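Here is the structure we will look at.
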Amino acid sequence: MKPLFGGIEGGGTKFVCAVGTGPDDILAEARFPTTTPGETMQRAITFFQQQENEHGRLAALGVGCFGPLDPDPGSPKFGQILPTPKPGWTGAEIVAPLRAAFKLPIGFDTDVNGAALSEARWGAAQNCDPVLYITIGTGIGGGALVNGKLLHGLIHPEMGHVLIPHDVIADPFPGACPFHGDCFEGLAAGPAIEKRWGQKAETLPVEHAAWDLEAHYIALALTNFIYTLSPQKIVIGGGVAQQAHMLPLIQKKVQANLNHYVQSVSITQNIGDYIVLPGLGNHAGVLGGVALAEQALLS
Ligand code: ADP
Ligand code: ZN
């Protein structure tokens, strides 16, 4: 029998929990709003306890969570949310309450590292390494699998805050990042689109000028990530990426930015198969939790 895993996608607005062995075998799923850390973690614990009663013992748990967070098992702050503007969540314990309730291996990483892992394991990035996963939603974040491992470092990458060229004549919007103004997230996350154009991104028609500008910013950032990480696959998730008509625009702009400098057929000939949407659809996140659980069991 395959081991049964519990996965959590810990988002700033909602938590998704699932129990299963992989994408084709999800036995149960629960979604609830992110409220206080104590209440939110208790709801997750109650869900997994109910699932254990129904389906038997879990082999491991995994959490892909919004950050910043401490993913280093050797650090005293491992399993916590680090200082965050999100009220009540600075120092929130994510792993500790799970460990107290379940004596199990627990994987813990950023939501985007989790999604990079699940897309490499089961989704659009199988047999690729490095794998880059970018989410463009309320915020922008990036996770990467490099040489078989999720990329950490001082803390973990913060790819959403890279600085990209901003032509203030063409786009006078000053940017919406509370820390940096017109960083990538400040220019291109969902709330920036909404502030710039005065309406929610999902209500802007396909022919609106917003989408060419959005694709322009995404392509600039991806170009930098291609130069620095040399990923074999780039997966773009998040609500804004659901505007799938942007994908060919992004691909064309990335090719133009690179200007034949990176001589890989992935870029020169197969770009349509290089910058892609998640193979696991909107389950990439919670399956990230499941993949982190599997990794925790194996490590
Ligand atoms: P979160 O980042 O909070 O986990 P999402 O990835 O859904 O959740 O991102 C929410 C942001 O994405 C909001 O700013 C919203 O306006 C935008 N968004 C959601 N759905 C769409 C869509 N279909 N098209 C364009 N923008 C969208
Ligand atoms: Zn920023």
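These numbers were taken from a predicted model, which means no experiment stands behind them. Below, each value reflects all heavy atoms present in this structure, side chains not excepted, and no hydrogens, waters or symmetry copies. When a ligand or atom number is given, it counts from 1 through the structure's own listing order.
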Query raised in the report: For Ile226 and Asn257, what are the C-alpha separation, side-chain angles and deciding distance, and is it a side-chain contact (heavy atoms from CB on, under 4.5 Å)?
Result: CA-CA 11 Å; Ile226 290 167; Asn257 291 343; over 6 Å; no

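- Ile236 and Leu151 end up in the same hydrophobic cluster when Ile, Leu, Val, Met, Phe, Trp and Tyr side chains are linked at under 4.5 Å.
- The hydrophobic clustering, which links ILVMFWY residues whose side-chain heavy atoms are closer than 4.5 Å, places Leu297 and Leu292 apart.
- Counting only protein N, O or S atoms, 4 lie closer than 2.8 Å to the Zn ion (ligand 2).
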Report task. Show your reasoning for whether side-chain contact (heavy atoms from CB on, under 4.5 Å) applies to Lys2 and Asp25. Result -> CA-CA 10 Å; Lys2 284 189 179 173; Asp25 182 34; 5.6 Å; no

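- Among protein residues, Thr13, Gly137, Thr138, Gly190, Pro191, Ala201, Glu202, Gly238, Gly239, Val240, Gln242, Gln243 come within 4.0 Å of ligand 1, judged on heavy atoms.
- The hydrophobic cluster containing Phe225 does not contain Leu249, counting ILVMFWY residues as joined when their side-chain heavy atoms lie under 4.5 angstrom apart, directly or transitively.
- Smallest separation of non-hydrogen atoms from Glu158 and Pro68: OE2-CB, 3.9 Å.
- Residues satisfying the salt bridge (Lys or Arg N to Asp or Glu O under 4.0 Å) test with Asp273, not counting sequence neighbours, are Lys233.
- With sequence neighbours excluded, the residues satisfying ring pair (Phe, Tyr, Trp, His ring centres under 6.0 Å) with His208 are Trp197.
- A single hydrophobic cluster is seen to contain both Leu204 and Val240, as judged by linkage of ILVMFWY side chains at heavy-atom distances under 4.5 Å, directly or through other members.
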